[in-house]
> 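Sharing a structure below in structure tokens format, with a few things to ask.
Reminder, nothing fancy here: chain letters follow the sequence lines and each chain counts from 1.
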Amino acid sequence: MDQQQRLPKDSWEDHIHTLKLFVPKEFSFQENLNYLQRSPNECLFTIRNDSIYRAIPLEDDVAVIEVSAENHEQAILVRFLGNTTPTEPSKRTEVANYVRDWFDLNTDLVPFYSMAETDPMLSQAVQSFYGLRNMGIPDLFEALCWGILGQQINLAYAYTLKRRFVEAFGRRIECEGEVYWMFPRPEDIAPLRVEDLGGLRMTVKKCEYLLGVAGLMTDGKLTKELLLEAGSLKKAEKQLDGIRGIGPWTANYVLMRCLRMPAAFPIDDVGLHNAIKHLLGLEAKPTKKEILELSAGWTNWESYATFYLWRFLY
DNA sequence: TGCCAGGTAAACA
DNA sequence: TGTTTACATGGC
């Protein structure tokens, strides 16, 4: 698909029905699993016996995979389920890249941990969640929709809206007796009208935003490549900010979870405010000025700092 | 019950 | 340029 990152050649091994992805030393499968289990209402993957199951959309195909930790967590094992084992090397690479991107395996966390040692809040976070990665949303349309769906509502309801949206317009595949859902594609949504989303029970504005983003993407005016080619975080943020329904929070959220820009920073995030309030024992939520002061040392790790602090809440 | 949710656009000063 | 308000509904 479109998550072709520059990977070291030895970052994974191919074993026919299983791909073995090597992980950095600063990695904990269990911590990432804990994060993924934060909602019982997640509809895009399931977790059973410390393994993750999900369907991955490929160029013109689907792979259903089980993701688990190798003994001693030296590697992640990706096993293909049913008859979904892809034969073409390009598709196998696509799956490996997708999972590596999902778990953010290509980022070296050593500098972040080193910086966090002297930060009052991050030192606690790193100690509590050592090995956690910024679990991403590799699909740009999914990341944008999730950002829009989650605006101004509690996380539980956001998951409900996502489930309704996915089960109404996404694709499903059955494999080994289980049903797996995949997020709708822009072309599934762009032809719809606001009335078609009426059953989801969200604001008319949210419906308009989703349709608008789907249209921009089917027109090729909004892609991961265009955002990366913007050349800087600020320019990419500006590209997104100009789209109806996307403000500073959603822009930075998407640049953080999907484009993996390390300095992306959703500074207006209520969850971040609550985490800081909780950690520092404040009476009220911190002001923007206070957050800027507290985060002054996080340069180029703002996204990781935010992700770790969120873990204190959810 | 009422207030707050992993905000944004539009209206207004 | 900065501040206020409507938006819809669920969770607690």
Side-chain angles (χ1 to χ4, degrees), chain A residues 34-44 121 125 129 132-137 140 142-165 167-168 183 194-216 222 237-261 263-279 282-289 291-292 294-295 298 302-314:
Chain A
N34 292 348
Y35 165 74
L36 292 176
Q37 297 197 78
R38 76 196 189 288
S39 170
N41 204 15
E42 173 63 57
C43 59
L44 295 177
M121 290 190 292
F129 312 117
L132 174 70
R133 319 292 298 190
N134 172 0
M135 293 296 297
I137 306 176
L140 177 60
E142 181 188 333
L144 287 161
C145 291
W146 179 234
I148 291 167
L149 288 173
Q151 290 168 4
Q152 186 54 21
I153 58 174
N154 60 61
L155 212 49
Y157 187 45
Y159 276 103
T160 299
L161 287 181
K162 181 169 90 162
R163 175 180 290 280
R164 289 181 190 152
F165 186 62
E167 293 184 354
F183 202 79
V194 170
E195 305 89 270
D196 299 317
L197 304 183
L200 306 185
R201 303 177 76 186
M202 58 180 156
T203 64
V204 170
K205 275 199 215 167
K206 271 199 206 317
C207 299
E208 292 171 356
Y209 300 160
L210 295 179
L211 298 181
V213 166
L216 283 173
L222 177 58
E237 188 182 341
K238 202 173 170 183
Q239 259 190 46
L240 288 171
D241 214 7
I243 299 168
R244 206 172 119 78
I246 299 179
W249 179 84
T250 309
N252 279 277
Y253 183 84
V254 168
L255 294 175
M256 164 185 170
R257 302 287 312 278
C258 183
L259 280 301
R260 305 227 166 265
M261 297 193 179
F265 190 21
I267 193 166
D268 306 303
D269 184 79
V270 176
L272 177 68
H273 301 173
N274 285 334
I276 293 172
K277 174 170 175 262
H278 167 72
L279 279 172
L282 305 176
E283 295 278 330
K285 286 181 209 168
T287 64
K288 190 163 178 175
K289 183 163 171 275
I291 299 169
L292 282 171
L294 290 166
S295 63
W298 299 354
E302 288 88 344
S303 66
Y304 255 93
T306 303
F307 199 78
Y308 266 67
L309 293 181
W310 274 341
R311 290 298 291 128
F312 282 115
L313 296 176
Y314 307 110

> Among B:dG7, B:dA10, C:dG10, which nucleotide sits nearest the side chain of A:Arg201?
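Looking only at heavy atoms from C-beta outward on A:Arg201, the closest nucleotide is C:dG10.
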> Please give the distance between the P atoms of B:dA11 and C:dA8 as a whole number of Å.
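Their P atoms lie roughly 15 Å apart.
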> Looking at the side chain of A:Ala156, which of B:dT8, C:dG11, C:dG10 is the nearest nucleotide?
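Of the options given, the side chain of A:Ala156 lies nearest C:dG11.
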> Report yes if a donor N or O on one partner sits less than 3.5 Å from an acceptor N or O on the other, where the partners are the side chain of A:Asn154 and the base of C:dG10; otherwise report no.
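Check passes, donor-acceptor contact within cut-off.
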> Kindly point out which of B:dA9, C:dA8, B:dG7 is positioned nearest to the side chain of A:Val270?
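Nearest nucleotide to the side chain: B:dG7.
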> Using modelled atom types only, decide if a donor and an acceptor are shared between the side chain of A:Arg244 and the backbone of A:Glu208 within a distance under 3.5 Å.
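No, the answer is negative, given that no donor and acceptor are paired below the 3.5 Å cut-off.
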> Do the ring planes of A:Tyr308 and A:Phe129 sit parallel (below 30°), tilted (30 to 60°) or perpendicular (above 60°)?
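Answer is perpendicular, since the angle exceeds 60°.
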> For the side chain of A:Trp249, counting heavy atoms from C-beta on, which of C:dA8, B:dT8, B:dA9 is nearest?
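The answer is B:dT8.
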> Would you indicate which nucleotide in B:dG7, B:dA9, C:dG10 comes nearest to any side-chain atom of A:Gln151?
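Between B:dG7, B:dA9, C:dG10, the one nearest the side chain of A:Gln151 would be B:dG7.
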> Please pick, from C:dG11, B:dA5, C:dC7, the nucleotide with the shortest atom-to-atom distance to any side-chain atom of A:Gln152.
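Ranking C:dG11, B:dA5, C:dC7 by closest atom to the A:Gln152 side chain puts B:dA5 first.
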> What integer number of Å spans the C1' atoms of C:dG11 and B:dT8?
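Per the computed distance, 22 Å lies between those C1' atoms.
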> Quick one: does any side-chain atom of A:Arg257 pair with a main-chain N or O of A:Met135 as donor and acceptor, under 3.5 Å?
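A pair under 3.5 Å: yes.
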